[in-house]
There are 2 protein chains.
Amino acid sequence: MPVLLKAKENETKPDLPVGQRGTCEITFVNRKKVEEVKKRLKPDSTINQLAESFKVLGDSTRLKMIYVLSQAELCVCDIATLLGLTDSAVSHQLRILRNMRLVKYRKDGKMAYYTLDDGHIENLFKEGLRHVEEK
Amino acid sequence: MPVLLKAKENETKPDLPVGQRGTCEITFVNRKKVEEVKKRLKPDSTINQLAESFKVLGDSTRLKMIYVLSQAELCVCDIATLLGLTDSAVSHQLRILRNMRLVKYRKDGKMAYYTLDDGHIENLFKEGLRHVEEK
DNA sequence: GTAATATATGAACAGTTGTTCATACATCAA
DNA sequence: TTGATGTATGAACAACTGTTCATATATTAC
């Protein structure tokens, strides 16, 4: 629980130009806590990469692909049939999943067989499912 | 590893109108496997909810909020200062996070103090981090 | 009551995203 | 070689998203 400082102990926002401060002019309701958290902030590059990964998972078409690939190694055609999509749409999405290292594939003649890239991906799916199905 | 059926055993796609079949006319490279996976498909509503949740996590601003809220209970002002955002932007994003039950809040006078809604959220963040930071 | 202020929200705008269509590439059969 | 076919990709378009600005609501101090 936060300890509210008295009004005179509050500080106005130092980093933002005046025009961007909005209406709230108090910086630290709990200065110590805010500074503690500030120290632990992850680098922007890490957060951005993480956001990109979640963004890629944040599409129902791609999520279905992730799910069916957690069940079996499948080719583009099979995924398209399973999900009622064109091969083109599937191929486009698979490239996005590949770029984020969420799936990998092996070529066998004309066919390309896809699987999940590593165990974290399935864990993410399952943990997300727990959140959604809870309550 | 998939067992390729002979060409004569393949079947053309039954569900899509001809115009949407793309160039690939083979439905089942491994019919048995595809049918097995089809049985286990999650309901669309579940997948859609899950996609919505990941979508909400797929934005670096919101992800930073999730992270700082995993460290401490914070008010709108503190989050805005920590992340260099306007209060308005923070409030908008917090509403989105609230709608997906990713954060919850308590009101104390004028202030609104936010925390993560449940443990799954932090687990998702950490598991995602593991994927990103790996290798 | 009025003024100050912490938070919330609607509208609007620029930027991004997913699909489709056409086409290219790659492999195999004949 | 030629044609068939499984996959990949560029362009274009509609649909969606995050921020900003203005404004509204709610609480506190006076």
Side-chain angles (χ1 to χ4, degrees), chain A residues 2 4-8 10 12-13 16-17 19-29 51-52 54-65 74-81 83-99 105-114, chain B residues 2 4 6-8 10 12-13 16-17 19-29 51-52 55-65 74-81 83-99 105-114:
Chain A
L4 275 161
L5 302 178
K6 291 173 195 158
K8 61 177 177 181
N10 288 331
T12 53
K13 299 185 176 194
L16 285 176
Q20 290 174 28
R21 289 187 193 176
T23 52
C24 171
E25 293 292 338
I26 293 176
T27 299
F28 302 122
V29 168
E52 285 307 308
F54 281 127
K55 196 177 296 178
V56 164
L57 293 173
D59 174 83
S60 50
T61 297
R62 287 191 293 264
L63 259 192
K64 287 175 192 168
M65 292 184 182
L74 295 168
C75 68
V76 177
C77 270
D78 285 342
I79 300 172
T81 304
L83 305 182
L85 299 165
T86 63
D87 303 317
S88 176
V90 171
S91 192
H92 272 296
Q93 301 295 11
L94 282 172
R95 184 161 61 107
I96 294 172
L97 292 171
R98 257 189 281 132
N99 288 344
Y105 75 117
R106 67 180 177 85
K107 265 307 207 32
D108 184 13
K110 284 188 270 194
M111 318 295 289
Y113 294 94
Y114 283 81
Chain B
L4 274 160
K6 290 172 194 158
K8 61 176 178 182
N10 287 331
T12 53
K13 299 186 175 192
L16 286 176
Q20 289 174 28
R21 289 188 194 173
T23 53
C24 170
E25 293 292 337
I26 294 178
T27 298
F28 302 120
V29 167
E52 285 306 307
K55 195 177 296 178
V56 164
L57 293 173
D59 174 84
S60 50
T61 298
R62 287 191 292 264
L63 216 44
K64 287 176 191 167
M65 293 184 181
L74 295 167
C75 68
V76 177
C77 270
D78 284 343
I79 300 172
T81 304
L83 305 183
L85 299 165
T86 62
D87 303 316
S88 177
V90 171
S91 192
H92 273 295
Q93 301 294 12
L94 283 172
R95 185 160 62 106
I96 294 172
L97 292 170
R98 256 189 282 131
N99 287 345
Y105 75 118
R106 67 181 176 85
K107 267 305 208 34
D108 183 14
K110 283 187 273 195
M111 317 295 288
Y113 294 95
Y114 283 82

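Chain letters run A, B, ... following the sequence lines, proteins first, then strands; residues in each count from 1.
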*So do B:Met65 and B:Leu85 actually touch side chain to side chain, heavy atoms under 4.5 Å?*
yes
*Looking at side-chain heavy atoms only, is the closest gap between A:Val56 and A:Glu52 below 4.5 Å?*
no
*Are any non-hydrogen side-chain atoms of A:Asp59 and A:Ile96 less than 4.5 angstrom apart?*
no
*asked:* Can you confirm whether B:Val90 sits close enough to B:Leu83 that some side-chain heavy atom of one is under 4.5 Å from a side-chain heavy atom of the other?
replied: no
*Tell me which nucleotide among D:dG18, C:dA8, C:dT7 gets nearest to the side chain of B:Cys77.*
C:dT7
*B:Asp59 has an atom CG; how far is it from atom C1' of C:dT17, in whole Å?*
14 Å
*Touch class at under 4.0 angstrom, heavy-atom based, for A:Ser88 against every strand present*: base
*asked:* Given C:dT7, C:dT9, C:dT17, identify the nucleotide with an atom nearest to the side chain of B:Arg95.
replied: C:dT9
*Quick one: which of C:dG18, D:dG18, C:dT19 gets closest to the side chain of A:Thr61?*
C:dT19
*Nearest-Å distance for atom pair OH/P, residues A:Tyr114 and D:dT7*: 9 Å
_Phosphate contact (C:dT7 OP1 or OP2) by B:Ser91 side-chain N/O below 4.0 Å_ = no
*Could you check how far CG of B:Asn99 sits from P of D:dG18, rounded to whole Å?*
13 Å
*asked:* Any side-chain N or O of B:Arg62 below 4.0 angstrom from OP1/OP2 of D:dG18?
replied: yes
*Out of C:dA6, D:dT20, C:dT20, whichever nucleotide has its closest atom nearest the side chain of A:Ala89*: C:dT20
*Send over the distance from B:Gln93 CD to D:dT17 P, rounded to a whole Å.*
12 Å
*Starting at the 5' end of DNA chain C, which residue's closest nucleotide do you reach first, A:Ile96 or B:Tyr105?*
B:Tyr105
*For A:His92 and D:dT9, are the ring centres under 5.5 Å apart with planes inclined under 30°?*
yes
_Quick check: do A:Leu94 and A:Tyr105 have side-chain heavy atoms less than 4.5 Å from each other?_
no
*Roughly how many Å is it from CD in B:Glu52 to P in C:dG18, rounded to a whole number?*
12 Å
*asked:* The side chain of B:Lys110 is closest to which nucleotide in this list: D:dG18, C:dT9, C:dT5?
replied: C:dT5
*Over how many whole Å does the gap from A:Tyr113 atom OH to D:dA8 atom P extend?*
12 Å
*Nearest-Å distance, CG (B:Asp87) to P (D:dA22)?*
15 Å
*Which nucleotide in the set C:dT9, D:dT7, C:dT7 lies at the smallest distance from any side-chain heavy atom of B:Arg98?*
C:dT9
*Separation of B:Leu57 atom CG from D:dT17 atom P, in whole Å?*
14 Å
